[in-house]
Each structure stands twice: as C-alpha cells, then as structure tokens.
Protein chains: 2
Amino acid sequence: MSTPTPKQLQIQNRELKILEIAREHVVSEGYHGLNMDRIAEEIKSSKGTVYNHFGCKEEIIIALAVQTMEKRAVLFQDAAQFKGGSRQRILAVGHANSYFFQKFPDHFRFEQMLRIDSIWEKTSAKRRMLVKSCEMKCMAVVAGVVRDAIATEDLVLPEGTSPEDLVFGLWSISLGAQTIMASSESLTDLGVKNPALALRFHIQKILDSFHWTPLSTEFDYDSIEDRIDREVLNLS
Amino acid sequence: MSTPTPKQLQIQNRELKILEIAREHVVSEGYHGLNMDRIAEEIKSSKGTVYNHFGCKEEIIIALAVQTMEKRAVLFQDAAQFKGGSRQRILAVGHANSYFFQKFPDHFRFEQMLRIDSIWEKTSAKRRMLVKSCEMKCMAVVAGVVRDAIATEDLVLPEGTSPEDLVFGLWSISLGAQTIMASSESLTDLGVKNPALALRFHIQKILDSFHWTPLSTEFDYDSIEDRIDREVLNLS
DNA sequence: GAATTTTTTGACGAACTGTCAAAAATGGAA
DNA sequence: TTCCATTTTTGACAGTTCGTCAAAAAATTC
C-alpha cells in the first residue's frame, strides 16, 4: 500500500503515457482517430496491456475529460480567490472560463464527449464518481463566491433560490453559448457577430438582475480584466 | 421534374421508411443501435440500396436531426403567434421549448448528435445546408418577436446589441440547461433541486434585466401558461 | 530456486462499415 | 412486342476496429 514497487511505478507511468497519446490522437484526428491498436503500438506494448488499464475505449475518453475537469477546477479555484469584491470574483471565474475555452478548445471537446450518451453508458461506476466529484468541486467553488456575496450583503437571493440555482444559470448560459460557438459554423450568418462578447454581456445582465452589487452600471468591470489576466491566468 | 413516376414515389417512401426505422433503433438502443445491415433487412432491401439514399451512417443521423429541427421550427412559429404582448409571446416560445424537451427527450438527443464533431465532419454540404436553414428559420422567428417588441416599445435594446444577440443569450441558456439536465445524473446532489424551474426563472431575469415590459414583477406570467398549453401545444 | 501470483502477449472471433461488378428492373423507341 | 440504354438493386467482399482469452513471460514470495 505505502511502498510503490518499481513495477507499480512503471504501470502508473504507462497509464499517463496512454492518456497522453490518446489525447494527441483525438486532438489531431478527432474521436475516430482514437484507436486501441495504435495506442498499443505507440506505448510499445500489446493491446491487452492497454485493456488492463482501461476496460474500453470510452473509459479513456472519460479519463481525458476528467483531466480536463481537474484542470478547470484548479483554474476556477484560483479565479475565485481574485482580490476584489464578490462580483469581481465571480466575473473572474467567468473570464477564466472564457479563456479556457478559447485557449484550449480541445479541452472543451473532451468535456462535451462526456455528455454523449453512447460514451457515458459504457463507463464504469468508479470513473463516473470521478466526474461527479469534479463537478461538485467546481460547483462548490463558484457557489462559495455566491455565499460570500450573500454574507457581505452584496447580494440577496430571492426566496426559494439557492446559491446553486444561480450557479446553474451561469453554468448553463456559458455551456450553451460555448456549445453553439464550437458547433454552429454560421453564427455570423445568423446575425450574432460577436458571440463571446454577447455571452459576457448576458452574464452581466443576469448578475444585474439579481442585483448583485456593484451593478454593471455602477462599476466598470471591463477595467479589471487586465488584472485577472495577470493575477489569475498569468498572462503577460 | 413535374411527374413523379411510381418508381420515384417508391424511392421517396423508402427514404422516409429508412429514417423511421433508424429513429426507432437510436431511440431504443442509442447511437450504437443504429446499424446499416439491420436497416437494410427491415426495409427488405439490400445494404447497397440504403447507401443509395444516405452516403454514410452519419448522414442518417443528420437527417433525423433535421426532422427534429423542422418539428421544433413549426412549434416555435405557432408559439410566436400566441395572442398577447411581445413578452408573453417570447415566453410562449420558451415554454414550447421546455415542453418539447420534456415531452420528446429523444428529439433533443438527435439535435445533440448534430454537434458532435465526428458526426458533423462526415456529412455532405447539401445536408449541412438543411441544418443551417432550419437554424435560420428558428432564429428569424424568435428574433422577429424581439423586433416586434422593439416596434411596440416594450423593449429598447442597448446600443450595439442586436435582436439576434438577445436570442443568442436565450438560446444559450436553454441549450445549456437542457444539456446539463440530460446528462448530469447528480444535479440534485449538486444542490440544484428543480433545474427546469431555475431555467424559467433565469429567463425571466434576463428579460427583466433588458427591461422588456411588462416586467415579471408587474405581470404574473405563470398565469398564462395554461393558455399556452391549450392554444399552442394543444394540451387538455 | 521453486512455487505462486501478476502481468503481458497477440492471434482470434465478432461486429460493422462502405464498395463495386454483376444482375435485375425500368422506360422509352422502333 | 422486342430491343436497348439507363437506372437501380444486390450481396459478396475487403477493410477496420473492438474486445477476449489461453498461454507465455515476468515478478514476487517463501
């Protein structure tokens, strides 16, 4: 239990190697580029060995999605600790989310695959637990900011609405907008010239409508973006 | 062109039959239940004939999604003509959307498959056009309601925001929320007790925040739901 | 160093997709 | 009716890929 033999280490490393290779395949050639024989070849083992690690192809996809979700969770945690008022902090999370989407579009694709029935159905209970715990971690972080806002009286939620309900709304609009952006080729033709900007605008509108102070009319939230870039996302 | 020979009729009918059978397969057994050999068998033709209609498996999926989108477009058109103020009409569309999701969850799944890269990639330009024109029809209907609202001065959009931008927001939050509802098993554990209600609430919040009158505080929009059920959805 | 357990291997069966040359059906024209 | 060109259908076939499993190899224990 406590002593990892060399053999066990080798196996652990191999698991990471498999995921690394699988990720490359999916990124460069899409879901169909993921091929068990080829993975086996590239890690210089046999197919049976790959199947020792992952019971089926779909388990690999889920494992990759979990990696992505963990990465996102860390980013959200950092963003939630942005130095500023509660509304600045929630917007930092939103900004981090947009950044994540634009900078790593492939990660978004893995999270999407997670939601495909035919993939989800085939995965083990154990791996589903991992997904669930990632979701809960993200939810806890963001709902935590909402709770802080309530505690500091920046926000009063209406009767019957929980912090999680509000997060659900923000989550929904972000996920939906990004899904459309990633898959609808013709957004411009549809009359939506700058969907990313529209998303940001809508999020502000939602927060305003919950009367989360300071309102977007009272504070220029665009002005803190540079600081978010530097302090949370480590950009130049 | 103008005279459909018996043979051509037979072919047209067969195409519908193929889609019907394919739909049953996907509904009852998921994406993996879709099988070209089985379809051929059930329409009492050979596989080659099926391939005469659809160049690949994915084309069938897209065709099914288009059927769904057309159904939705008709529903939206009806809803947009609801007798009432502009905000009532946009909410009728939202209500129709929720109804569609809850009543025909399978239809939602087809629309989701549309957004999967590995499926989309394989489809012909011709069929993509069909998807696009459905999207445009839906967008035009809903944006039309927004334009009516502007014309009647129920709504004033901020500088730089188009009616389509507003529709994009509503579309995003609806799609996102439904995606999460359809795929996240543990929403309750996450603290979201009634996601469908939360979605409705958020939509009202967005409309309020655009100051689309009458505001939800000035008019009891719950009270028109029975009428929407009867006049748009033909429910008892 | 022998015995036991764990891990690896790759040939194999099964399922499915998409192709294509040959066969059959169709629709005029003579 | 008969012939012929065109369209449509057929199903055997090649090609992929997944996942299995008995046997071999490696690691571990005694």
Side-chain angles (χ1 to χ4, degrees), chain A residues 1-18 21-22 24-26 28-64 113 116 118-124 127, chain B residues 1-18 21-22 24-26 28-64 113 116 118-124 127:
Chain A
M1 201 73 204
S2 51
T3 46
T5 69
K7 183 69 188 173
Q8 285 173 319
L9 268 178
Q10 186 206 345
I11 292 177
Q12 274 176 36
N13 282 335
R14 192 170 43 210
E15 185 142 331
L16 292 176
K17 190 86 192 266
I18 290 173
I21 288 170
E24 283 169 19
H25 289 179
V26 177
S28 63
E29 294 163 66
Y31 179 66
H32 280 106
L34 185 58
N35 178 272
M36 301 304 259
D37 287 277
R38 244 174 83 199
I39 290 174
E41 200 182 319
E42 292 186 35
I43 62 164
K44 294 185 187 68
S45 296
S46 71
K47 191 153 52 155
T49 299
V50 180
Y51 276 97
N52 272 355
H53 289 274
F54 301 96
C56 63
K57 212 181 151 178
E58 286 77 9
E59 288 269 291
I60 296 183
I61 293 288
I62 304 290
L64 289 170
M113 291 187 210
I116 299 171
S118 55
I119 291 181
W120 185 252
E121 277 166 5
K122 289 199 166 189
T123 57
S124 62
R127 220 167 284 274
Chain B
M1 200 72 199
S2 52
T3 45
T5 69
K7 183 68 188 175
Q8 286 173 319
L9 268 178
Q10 187 206 344
I11 292 177
Q12 274 175 37
N13 283 335
R14 193 172 41 211
E15 185 141 328
L16 292 176
K17 190 85 192 268
I18 290 173
I21 288 170
E24 284 169 19
H25 288 180
V26 177
S28 63
E29 294 163 66
Y31 179 65
H32 280 106
L34 185 59
N35 178 273
M36 301 303 258
D37 288 279
R38 245 174 81 199
I39 290 174
E41 200 182 321
E42 291 186 37
I43 61 165
K44 295 186 187 68
S45 295
S46 72
K47 196 157 42 157
T49 299
V50 179
Y51 276 97
N52 272 354
H53 289 274
F54 301 96
C56 64
K57 213 183 150 178
E58 286 77 9
E59 287 268 292
I60 296 184
I61 293 289
I62 304 290
L64 289 170
M113 291 188 211
I116 299 172
S118 55
I119 291 181
W120 184 252
E121 278 166 6
K122 289 198 166 192
T123 57
S124 62
R127 220 167 285 275

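Labels below follow one simple rule: chain letters A, B, ... track the order of the sequence lines, proteins then strands, and each chain is numbered from 1.
- The salt bridge (Lys or Arg N to Asp or Glu O under 4.0 Å) search around Glu121(B) returns none, not counting sequence neighbours.
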Going 5' to 3' along nucleotides 16-21 of chain D, which nucleotides have protein heavy atoms under 4.0 Å from the base (write B), which only from the sugar-phosphate (write S), and which from neither (write -)?
-SBBB-
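- Shown here are the side chain to side chain contact (heavy atoms under 4.5 Å, CB included) partners of Asp37(A), two or more places apart in sequence or in another chain: Asn35(A), Lys47(A).
- For Glu41(A), there are no salt bridge (Lys or Arg N to Asp or Glu O under 4.0 Å) partners, not counting sequence neighbours.
- Separating the NE2 atom of His53(B) from the P atom of dT8(D) is a distance of 10 Å, rounded to the nearest angstrom.
- Side-chain contact between Leu9(B) and Gln12(B) is present, with at least one heavy-atom pair separated by less than 4.5 Å.
- The CG atom of Leu9(A) sits 14 Å away from the P atom of dA27(D) (whole-angstrom rounding).
- Between Gln8(A) atom CD and dA26(D) atom C1' there is a gap of 15 Å when expressed in whole angstrom units.
- When distances run from any side-chain atom of Ser46(A) to the nucleotides dT7(C), dT9(C), dT9(D), the shortest one goes to dT9(C).
- Arg14(A) has no side-chain polar atom (N or O) that falls below the 4.0 Å cut-off from OP1 or OP2 of dT7(C).
- The nearest whole Å value for the distance from the NE2 atom in His25(B) to the P atom in dC16(C) is 11 Å.
- For Lys57(A), the salt bridge (Lys or Arg N to Asp or Glu O under 4.0 Å) test picks out no residue, with sequence neighbours left out.
- Distance CD1 (Ile11(A)) to C1' (dT8(C)): 10 Å, rounded to an integer number of Å.
- Between Glu29(B) atom CD and dC16(C) atom C1' the separation is 14 Å, expressed in whole Å.
- The distance between atom CG of Asn52(A) and atom C1' of dA27(D), rounded to the nearest whole Å, is 15 Å.
- With sequence neighbours excluded, the residues satisfying side chain to side chain contact (heavy atoms under 4.5 Å, CB included) with Glu29(A) are Arg38(A).
- For the pair Ile18(B) CD1 and dT9(D) C1', the interatomic distance rounds to 13 Å; values are reported in whole Å.
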